[in-house]
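Working notes, structure below.
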There are 2 protein chains.
Amino acid sequence: MARVSAIAAAQAGTERVEAERGEPTLQAVKSAKTRARLIEATIRCLVKHGYSKTTTPKVALEAGLSRGAMLHHFDSGRQLMQATLVELNKKRLRAFRRAAETKDHNVRTLVRAYWAQLLRPTFIAFHELATAARTDKELAETLEPVRLEFRERWHELAIELFPEWRQDIRRFDLSLALCQNLLEGMALNRLTNGVEERDIEAVLVHLEQQILDLRPT
Amino acid sequence: MARVSAIAAAQAGTERVEAERGEPTLQAVKSAKTRARLIEATIRCLVKHGYSKTTTPKVALEAGLSRGAMLHHFDSGRQLMQATLVELNKKRLRAFRRAAETKDHNVRTLVRAYWAQLLRPTFIAFHELATAARTDKELAETLEPVRLEFRERWHELAIELFPEWRQDIRRFDLSLALCQNLLEGMALNRLTNGVEERDIEAVLVHLEQQILDLRPT
DNA sequence: AATAAAACCAGCACGATTGCTTTTTTTATC
DNA sequence: GATAAAAAAAGCAATCGTGCTGGTTTTATT
């Protein structure tokens, strides 16, 4: 019984077998590695071909696996997509945590760190899935808790780094919304030449100043 | 000879037959209407099903036409997409022109007008195609001039409405970049619950103030 | 009214993708 | 080392989208 339920597969990981036995089996480790390889291959395909042309044969090829083996780990292509979406979220959150561990966190470095994240494949793949989720009910159901967790963790982290902002939560929320929507919008437009390269730096500088101005004294 | 070259079909319209004869033929009018119907159907499909599931049979059904008739007007599904992309651009520009014709143009009304545009199907369909264009060379080639024209016209219009901004083009460009990327980013995130509804109004108000502050005295 | 052209429709064949089943190979535990 | 289970591979049938071809109706012009 290798097949896993939709939800379990989506939330993936190695918990499955660990729950049954005390220590993780060697096979379980291998299985987890293969699943990870498939998810990584999916991400690469999403970036390279886009959602509409990311097919199961292409992913299997990219992962260096047979299609049969692939369907052994994920019952359907859709499950693979859902698991990928969850993994992409983990990646983004990990990146934030890493950025936060840097000694000097000022507004500028964090804005730049976020911007740098938006230029990486992780965000591109995430955007492909988010766009698809708009018209795909099952993907949307997976995306919803993902977005929630992302927002929560991001807020937590930000307020941890800048506790003085606790005084004025409304301005804090505004700052985060400004930062997220402006940078993500610019990142997306950039992907198809929708924004002039020379404008980017000016926008970043302006945003940094905006957030500083919003911060309580 | 009903088939049209890729470029001609993409730039579409009724010019084709008008160029051959003095006045537009009745058939040409009918043909143009049918093409328009197909393009409208494509837009609806893009909104309803997303790019990846927008197929030629679905479009034909939506347009109330046979697939054969459809391929009589557009050689391939891709040509239809390209023509749709061009038409979407026209729609967006028309909407701007309409907004500009309103008597009182202040910063606030224009920001709101743009925001209103981003909630309409036109923008959703445009985004679907823009996302697809990232990994589709032919779509990208169609999108490039479209983006260029949009930016140019938008700049022209804005500077026409607020000539005092001519004094400081750098701030003017910054304002436009801020407005476009922030609003579009928020509109896209909104499509998949990526932004809290209650934050939207605050962001809009803040953006309006930002642009006012950037305006030369 | 006749004829030609354009608009439209129905059906075909090919290729690709999908999910599943069956077989082989690898791995773990007795 | 034997055996059972998991992982991986190979093959199958069904479906779907695409582009095209042949034939029919409508429209325009003489």
Side-chain angles (χ1 to χ4, degrees), chain A residues 1-4 6 9 14 16-18 20-38 41-42 45 49-82 132 136 138, chain B residues 1-4 6 9 12 14 16-18 20-38 41-42 45-46 49-82 132 136 138:
Chain A
M1 193 218 345
R3 309 253 155 129
V4 189
T14 56
R16 173 168 64 103
V17 187
E18 286 173 37
E20 292 168 5
R21 317 194 147 229
E23 78 275 8
T25 321
L26 283 191
Q27 273 187 339
V29 172
K30 186 183 181 186
S31 176
K33 274 190 181 177
T34 312
R35 271 207 301 278
R37 223 169 72 205
L38 281 167
T42 306
C45 281
H49 309 292
Y51 177 80
S52 69
K53 296 195 194 76
T54 294
T55 62
T56 45
K58 274 191 193 138
V59 172
L61 187 71
E62 179 78 31
L65 236 65
S66 76
R67 231 175 63 79
M70 171 174 171
L71 260 71
H72 175 72
H73 291 280
F74 298 95
D75 280 16
S76 66
R78 170 163 287 155
Q79 266 194 27
L80 177 58
M81 286 296 174
Q82 293 175 321
D136 186 315
E138 304 194 32
Chain B
M1 192 217 343
R3 310 255 154 126
V4 189
T14 56
R16 174 168 65 102
V17 186
E18 287 175 36
E20 292 168 4
R21 319 197 145 226
E23 78 275 8
T25 320
L26 281 192
Q27 272 188 338
V29 172
K30 187 183 182 185
S31 176
K33 275 191 182 177
T34 311
R35 272 206 303 276
R37 222 168 73 206
L38 282 166
T42 306
C45 281
L46 284 172
H49 309 292
Y51 177 80
S52 68
K53 296 197 194 75
T54 294
T55 62
T56 45
K58 273 190 196 143
V59 172
L61 187 70
E62 179 78 32
L65 237 65
S66 76
R67 235 174 60 79
M70 171 174 170
L71 260 71
H72 175 73
H73 292 279
F74 297 96
D75 281 16
S76 67
R78 171 162 288 152
Q79 266 194 28
L80 177 59
M81 286 297 174
Q82 293 175 321
D136 186 315
E138 303 195 32

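Proteins come first, then strands; the chains are lettered A, B, ... in the order of their sequence lines, and each starts at number 1.
Evaluation of the salt bridge (charged side-chain N to carboxylate O under 4.0 Å, His left out) test over residues 60-70 of chain B, restricted to residues two or more places apart or in two chains, returns B:Arg44-B:Glu62, B:Lys48-B:Glu62.
Proximity of B:His72 to the phosphate of C:dC8: no side-chain N or O atom is located under 4.0 Å from OP1 or OP2. Close to C:dC8, at under 4.0 Å from its OP1 or OP2, lies a side-chain N or O of B:His73. Between B:Thr34 and C:dC8, a side-chain N or O to OP1/OP2 separation shorter than 4.0 Å is present.
Atom NE2 in B:His49 sits roughly 11 Å away from atom P in D:dG17 (whole-Å rounding). We find that CZ of A:Phe74 is positioned 15 Å from P of C:dT18, with the value rounded to whole Å. One can place CD of A:Gln79 at 10 Å from P of C:dG19, the figure rounded to the nearest angstrom. A straight line from CZ of A:Arg78 to C1' of C:dT17 spans 14 Å, rounded to a whole angstrom. A straight line from NZ of B:Lys33 to C1' of D:dT27 spans 15 Å, rounded to a whole angstrom. Per the geometry, CG belonging to B:Leu71 stands 12 Å off C1' belonging to D:dT21, to the nearest Å.
By the side-chain contact (heavy atoms from CB on, under 4.5 Å) test, A:Ser66 pairs with A:Ala69, sequence neighbours left out. B:Arg78 pairs by the salt bridge (charged side-chain N to carboxylate O under 4.0 Å, His left out) definition with B:Asp136, B:Glu138, not counting sequence neighbours. Remark: B:Lys58 pairs with no residue by the salt bridge (charged side-chain N to carboxylate O under 4.0 Å, His left out) rule, at least two apart or across chains. In this structure B:Arg37 satisfies the side-chain contact (heavy atoms from CB on, under 4.5 Å) test together with B:Leu65, sequence neighbours excluded.
Residues from residues 56-70 of chain B placing a heavy atom under 4.0 Å of any atom in DNA chain D, listed by number, are B:Thr56, B:Pro57, B:Arg67.
Nearest heavy-atom pair across A:Val59 and A:Thr42 is CG1-OG1, 3.5 Å.
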